[in-house]
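Counting starts at 1 for both ligands and their atoms, in listed order.
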Amino acid sequence: MSNYNFADIESKWQKYWDENKIYEIRNDSPKPKFYDLVMFPYPSGAIHMGHVRNYAIGDVLARYKTMNGFNVLHPIGWDGFGMPAENAAIAKGGHPQDWTFKCIERMTGQIKRLGISYDWSREVTTCKEDYYKWTQWLFLKMFDKGLAYRKKALVNWCPKCETVLANEQAKDGRCWRCDSVIEEKYLEQWFLKITEYADRLLHDIDLLDGWPERVKSMQRNWIGKSKGLQIKFGNIEVFTTRPDTLFGVTYMVLAPEHPLVGQLTTAEQKNEINKFIEKVKHESNLDRQIKTEKEGVFTGSYAINPATQEKIPIWISDYVIMGYGKGAVMAVPTHDQRDFEFAKKYNMPLKVVIDDPASHLNESQMTCAYVDEGVMVNSLQFNGIKSNDAVNEIGEWLIQKGVAEWKTNYKIRDWLISRQRYWGTPIPVVYCEKCGAVPVPEKDLPVKLPYNVEFTGKGKSPLARSDDFINTTCPKCGGPAKREVDTMDTFICSSWYFLRYVTPKDYKKAFDYDELKKFMPVDQYIGGIEHAVLHLLYSRFFTKFLYDEKLIPVNEPFKNLLTQGMVVKDGAKMSKSKGNVVDPDYIIKKYGADTARLFILFASPPESQLEWSDAGVEGCYRFLNRIWRLVTEINQDTRNNNQINSNVQRKLHQTIKGVTEDIERFSYNTVIAKLMELTNILTQDCQTTRPQNLEILLILLSPFAPHMAEELWHQLGHKDSITKQRWPKHDPALIVEDKITIAIQVNGKLRDTIIVPVDMPDEDIKSAAQTSEKTKSHVTGKQIVKIIYIPKKLINIVVK
Ligand code: ANZ
Ligand code: ZN
């Protein structure tokens with residue numbers, strides 16, 4: 001017997017797969033397609049266990065689908081642009097490009113040592129000219145359609161990253177990358193009009209049956225559609241989702257930035273109002289929304305409620321945001337909690353207009369707003385109807401009066417894509433004094449990112465200081481012009497990379513409609529939940545745009561989505577700062593890639609959190625050693641064995657069935673448990689195990705531990721690769737048990753079990769049950785009232 005020398009075996013087969021292009025596929029294969037995609041990595045320097053998990057999950061699927069006769073597109077590439085490369089260049093000297101390519105080289109080696117079945121001939125790198133040329137081209141397409149535009153706006157600024165960020169990247173007021181508190185700046189920047197697609201992005205979430213509910217609801221909330229009514233209170237318009245509360249409005253609140261505040265403020269109130277506005281300037285929108293203590297000041301003016309003709313005071317407060325709705329609210333303290341708190345603080349009147357059917361509380365009894373449905377009161381002709389119906393009726397009534405219109409609002413904002421950084425795709429625009437902002441013509445793409453720039457880490461970005469880059473001529477008038485010095489958000493690069501994998505080497509176009517037809521949509525996408533409203537939303541937006549332009553054949557990119565769980569150790573996410581990182585290289589060196597893969601897949605189902613366990617790794621290593629011994633030792637004696645053990649056959653076919661079903665539902669951990677059981681049975685049965693059985697075991701194992709499976713496959717005498725084998729099918733006739741176990745109860749209490757042949761007639765089973773020794777003592781001397789028989793399972797004898 002030879003030892004399981006994983007290091008030699010793994011490098012030997014990796015070389016074999018590589019040299020024989022085992023994992024390269026053709027676009028024109030006659031087989032049905034399967035597009036298996038993992039989120040491509042950012043070349044950060046080294047892969048971590050999260051990557052290993054992601055790629056191992058994807059690899060099992062790729063190998064399984066291939067063996068089931070699919071033409072599996074299973075590519076990998078690099079999300080090459082981004083800030084860490086530039087930051088490293090600033091900190092350590094060197095160049096982001098050199099740093100990035102060094103990282104890619106190192107990580108490529110690591111991924112290859114994992115034995116993942118990628119088609120490396122399709123490798124895509126977003127920071128290479130032959131890729132970012134097309135990213136620029138896509139920008140121009142959007143520009144042509146008015147979907148890329150420049151505007152001056154209040155934007156999120158990360159002081160540490162020294163750049164602006166998209167709203168999606170500044171969630172909860174912090175930078176998605178470095179967690180710094182975001183500042184707001186008023187700047188002129190480039191945006192993509194994702195809002196134009198808001199409704200379709202929302203609506204089509206319903207088509208995504210293969211996506212986790214959690215991701216779908218995160219996207220729904222982010223888009224934040226709300227239907228409501230825009231009502232004129234004189235010349236002030238408000239947006240409300242609750243027209244049913246109109247008769248309960250007792251004051252109005254404007255955002256401090258509202259354009260009418262100046263003219264509404266009376267002389268007496270001027271001082272206080274200005275002081276308040278000054279104060280609010282220092283609060284971010286986010287602070288204002290989460291602040292518990294609402295503050296405000298009276299303007300001195302009044303508005304007229306169009307329903308009641310009552311005079312209501314107009315206030316300003318920080319809880320009303322200028323960027324949402326109309327920047328003004330009709331306040332209903334009895335039915336809106338924020339308004340309730342504000343009214344209590346400033347002694348504003350309360351008026352109930354929806355009666356709480358459970359408590360009928362009046363104004364003075366209320367301790368909080370009543371926000372649910374009820375019966376309309378104090379609302380003139382609307383009294384007595386359900387508040388739910390009143391939404392529409394009051395709405396229509398106001399529309400008739402000409403003071404309102406239905407309006408849909410969205411929370412999502414246009415995607416700010418300018419970045420004041422060097423290491424990104426240059427925005428292909430020049431500024432000419434005569435012609436203004438002029439897009440670079442397609443034939444002049446790519447606008448190359450210059451290599452020779454200076455990284456100081458202070459002040460302007462390297463591009464903004466590179467005269468060679470900046471100074472150019474206007475494509476329109478030929479006069480002197482200056483290039484845009486901002487680069488694009490790298491999330492643009494990753495919004496279309498899955499299209500490039502289909503024709504990665506096409507120098508003439510970004511992608512090809514007909515070729516995409518063969519592979520899109522992605523059948524299975526696998527990645528982290530952190531991209532729920534970043535990459536996954538942006539990619540859907542790009543896909544819809546390209547579909548509208550008739551450039552691609554699908555309008556949703558990803559049919560099924562699996563969000564893998566985190567890898568944790570000692571209960572915490574692996575991270576350098578916590579000092580609990582387990583280095584994949586170390587595990588591969590010590591146990592081999594097959595053990596690493598197997599452990600990662602065995603320790604928990606893909607979507608759950610995975611707790612690292614050294615003992616678990618050891619266990620997987622021992623399991624692989626058992627298979628090694630089983631095949632290398634036992635096989636010597638049984639090479640020509642043709643005897644069939646029906647118990648072993650049954651177990652084998654049950655395992656084929658179970659493993660296949662489990663793989664189909666991503667229950668990889670239970671697959672491995674089943675393979676362990678089968679291995680035990682085959683080992684016990686070592687005298688009679690036939691080589692055919694071992695072959696099936698190896699095929700079932702191959703998606704999980706491909707190197708060992710390939711090696712032992714060849715040791716069994718095969719000359720071709722195990723990856724070329726067909727996935728086995730179970731024989732339904734063989735999995736049927738020939739004996740069954742019947743439970744015997746007396747008055748519902750289990751007293752005995754008997755094992756009988758499956759084909760024993762029911763009458764015989766019933767009499768066998770009554771004659772069982774253990775049952776007898778509970779039955780003798782008593783009267784049998786009835787016998788309940790659940791066929792092939794259970795007999796219950798009821799006695800008196
Ligand atoms: C009156 C009212 C009565 C409201 C009531 C709610 C309950 P969503 O669902 O998020 O769209 N609102 C409108 N514009 C606002 C702004 N710029 N800043 C802060 N709040 C604003 O929320 C819509 C509701 O949020 C609107 O409906 C309005 O308050 C408030 F019993 O109008 B409501
Ligand atoms: Zn930052």
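The cationic atom of Lys216 (NZ for Lys, CZ for Arg) does not lie both less than 6.0 Å from the six-membered ring centre of Trp211 and within 45° of the ring axis. Relative to the ring axis of Phe247, Lys351 does not place its NZ or CZ within 45° and under 6.0 Å from the centre. Because its NZ or CZ atom is both nearer than 6.0 Å to the ring centre of Tyr302 and within 45° of the ring axis, Lys311 counts as a cation-pi partner of that residue.
Ring centroids of Phe143 and Tyr149 are separated by 6.0 Å or more, keeping the two rings apart.
Each side-chain hydrogen bond (donor to acceptor under 3.5 Å, both in side chains) pair with one or both residues in residues 253-275, not counting sequence neighbours, appears once here: Glu257-Arg288.
Using a 4.0 Å cut-off between charged side-chain N and carboxylate O, Arg150 and Glu484 make a salt bridge.
The 4.0 Å heavy-atom shell around ligand 1 contains residues Ser226, Phe239, Thr240, Thr241, Arg242, Thr245, Tyr319, Val320, Ile321, Tyr324, Gly327, Val329, Met330, Val332, His335, Asp336, Arg338, Lys411, ordered by chain and number.
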